[in-house]
There are 2 protein chains.
Amino acid sequence: MHSFTEENYLKAIYKLQETNGEVVATSALAQVMGVHAPSVTDMLKRMAGKKLVTYQKSKGVKLTERGRQVAVGIIRNHRLWEVFLVDKLDYKWDEVHDLAEQLEHIHSEDLTNKLDKFLGFPKADPHGDPIPDSNGVLPKSKAVLLSTLKINEQGTFTGVTDHTAAFLNYLDKTGFSLGDPIKVKGIEEYDQTYTLQLKGKKEVVVSFKVANSLLLSY
Amino acid sequence: MHSFTEENYLKAIYKLQETNGEVVATSALAQVMGVHAPSVTDMLKRMAGKKLVTYQKSKGVKLTERGRQVAVGIIRNHRLWEVFLVDKLDYKWDEVHDLAEQLEHIHSEDLTNKLDKFLGFPKADPHGDPIPDSNGVLPKSKAVLLSTLKINEQGTFTGVTDHTAAFLNYLDKTGFSLGDPIKVKGIEEYDQTYTLQLKGKKEVVVSFKVANSLLLSY
DNA sequence: TAATATAATTAGATTACCCTAATTTAATTT
DNA sequence: AAATTAAATTAGGGTAATCTAATTATATTA
Ligand SMILES: [Mn+2]
Ligand SMILES: [Mn+2]
Ligand SMILES: [Mn+2]
Ligand SMILES: [Mn+2]
């Protein structure tokens, strides 16, 4: 099997590829992994040897198909465990990430699938992130940022792009809840502040930073 | 925190102390851990430095109080996860050990306690082994080996001393089930073969090896 | 007690993962 | 294009956990 460290590198590369394009830079990886650049260079050479990534000196990395499969498998584990923690053990959505970072490395496809079944084959984790199926297929999300909506447009709150506990707490406190409808009532020209109508006619005002971290679907 | 390796050494030392007396030999540990003696010597020095064990050159090891606490904590995790796997995910009792060996190293007292609650505060794991409480107190078992009973004596089947899948499968197949009553109907002088009456008048004949691996309580 | 056998330790290496300092390669600016 | 800045790699080391071979300490037996 793969080491936890390898798995974490794969996950990091996968996520960087998703957001920043196909080829990932050593420095970006170093930043995400919390290590220094030479450690990354070193690791990438070993991982290339195992055919988990394709690596060309000074030209960045990409995942191989195998690497992608492993990465998505870890993400599947992570999100299923998060569902378990919230649905079964009564954790809050802002408390589960670090535990899932540990649990995602339990090696057993069979366990993952039994857990999936036990949880009722959930489609998304507690933060609205889609759960890959057992074949490593991750449904393409059609959600858009709230910050792209115009006045009087609306949608259903289905995810976040900021996963920090601080932000999630703010959402709880302010009355945002996954699955609820949100309608844009106003946008302040001066500083892009959004006035939103939440479920039950409740109106709240949020900054652009917040509007830019909420995902809506139709 | 402690490394998985350290935790596995602590658990091994704990179990050897339980069965073989207070002081544990390098060779015994090497055998249980599946490594060679010099690796153990090396590890014990590091663990002594961290005050997890007291180690004297060529005189064996003992756990410190801290070491014992950690060991019992791991055992608590292990047994709770085994209950989870059997009770919630429908695993069989002979399938859960290796998974629990991984899950026991998830570091979170809070998770352990929430899991305990979710499972209804079980007293024993699927093999009848007692689950330490959150203070690290492990109830002293009063169970005895079936092989110590005389003819016509009886008890309740509450545990095993052989945890191998092979043995557990044999028990399933032969009709043994945790919690059932067992009565000794006969003991063959020649080879110590036991004739037992299981639940529902069913009679079975088992070898001494089997009789010596079953724990009964009254 | 002396001789022998067993157990444990030391010596010297290896692998995975990480570091700092120095150097090289690539990108940007003048 | 040359100079400068930024990014990446190489060189050389460190620690945790393991190994084999050689040595020393303990236990057993004659
Ligand atoms: Mn997460
Ligand atoms: Mn999540
Ligand atoms: Mn077990
Ligand atoms: Mn067990």
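Order of the sequence lines fixes the chain letters, A, B, ..., with proteins taken first and strands second; residue numbering starts at 1 for each chain.
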If you compare every side-chain N and O of [X] against the phosphate oxygens of [N] (OP1, OP2), does one of them come in below 4.0 Å?
X	N	result
Thr26(B)	dT9(C)	yes
Lys57(B)	dT24(D)	no
Tyr55(B)	dA8(C)	no
Lys45(A)	dT10(D)	yes
Lys59(B)	dA8(C)	no

Hey, does Ser27(B) reach any base, or is it just sugar-phosphate, or nothing, if we go heavy atoms under 4.0 Å? sugar-phosphate
Are there any protein N/O atoms within less than 3.5 Å of an N/O atom in nucleotides 15-18 of chain C, and if so, which ones and at what distance?
residue: dC17(C); atom: OP1; partner: Ser3(A); partner atom: OG; Å: 2.6
residue: dC17(C); atom: OP2; partner: Arg46(A); partner atom: NE; Å: 3.3
residue: dC18(C); atom: OP2; partner: Tyr9(A); partner atom: OH; Å: 3.2
residue: dC18(C); atom: N4; partner: Asp42(A); partner atom: OD2; Å: 3.4

Please tell me which of the listed nucleotides, dT10(C), dT26(D), dA26(C), lies nearest to the side chain of Ser58(A)?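 Between dT10(C), dT26(D), dA26(C), the one nearest the side chain of Ser58(A) would be dA26(C).
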Tell me the closest heavy-atom pair linking [X] and [Y], and the distance in Å.
X	Y	answer
Leu178(A)	Trp93(A)	CD1-CZ3, 4.2 Å
Thr158(B)	Leu216(B)	OG1-C, 3.9 Å
Ala48(A)	Tyr55(A)	CB-CB, 4.1 Å

Parallel, tilted or perpendicular: rings of Trp81(A) and Phe84(A) (30°, 60°): perpendicular
Going by atom types alone, do His105(A) and Glu7(A) pair a side-chain donor with an acceptor below 3.5 Å? yes
Starting at [atom1] of [X] and ending at [atom2] of [N], how long is that distance when rounded to a whole Å?
X	N	atom1	atom2	value
Glu7(B)	dA17(D)	CD	P	11 Å
Asn20(A)	dA7(D)	CG	C1'	16 Å
Leu44(B)	dT10(C)	CG	P	12 Å
Gln31(A)	dA6(D)	CD	C1'	15 Å

How about Tyr14(B) and Val72(B): do any of their side-chain heavy atoms sit closer than 4.5 Å?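 SC-SC contact between Tyr14(B) and Val72(B) confirmed.
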Derivation of the side chain to side chain contact (heavy atoms under 4.5 Å, CB included) call for Ser147(A) and Tyr194(A): CA-CA 8 Å; Ser147(A) 57; Tyr194(A) 283 69; 4.0 Å; yes
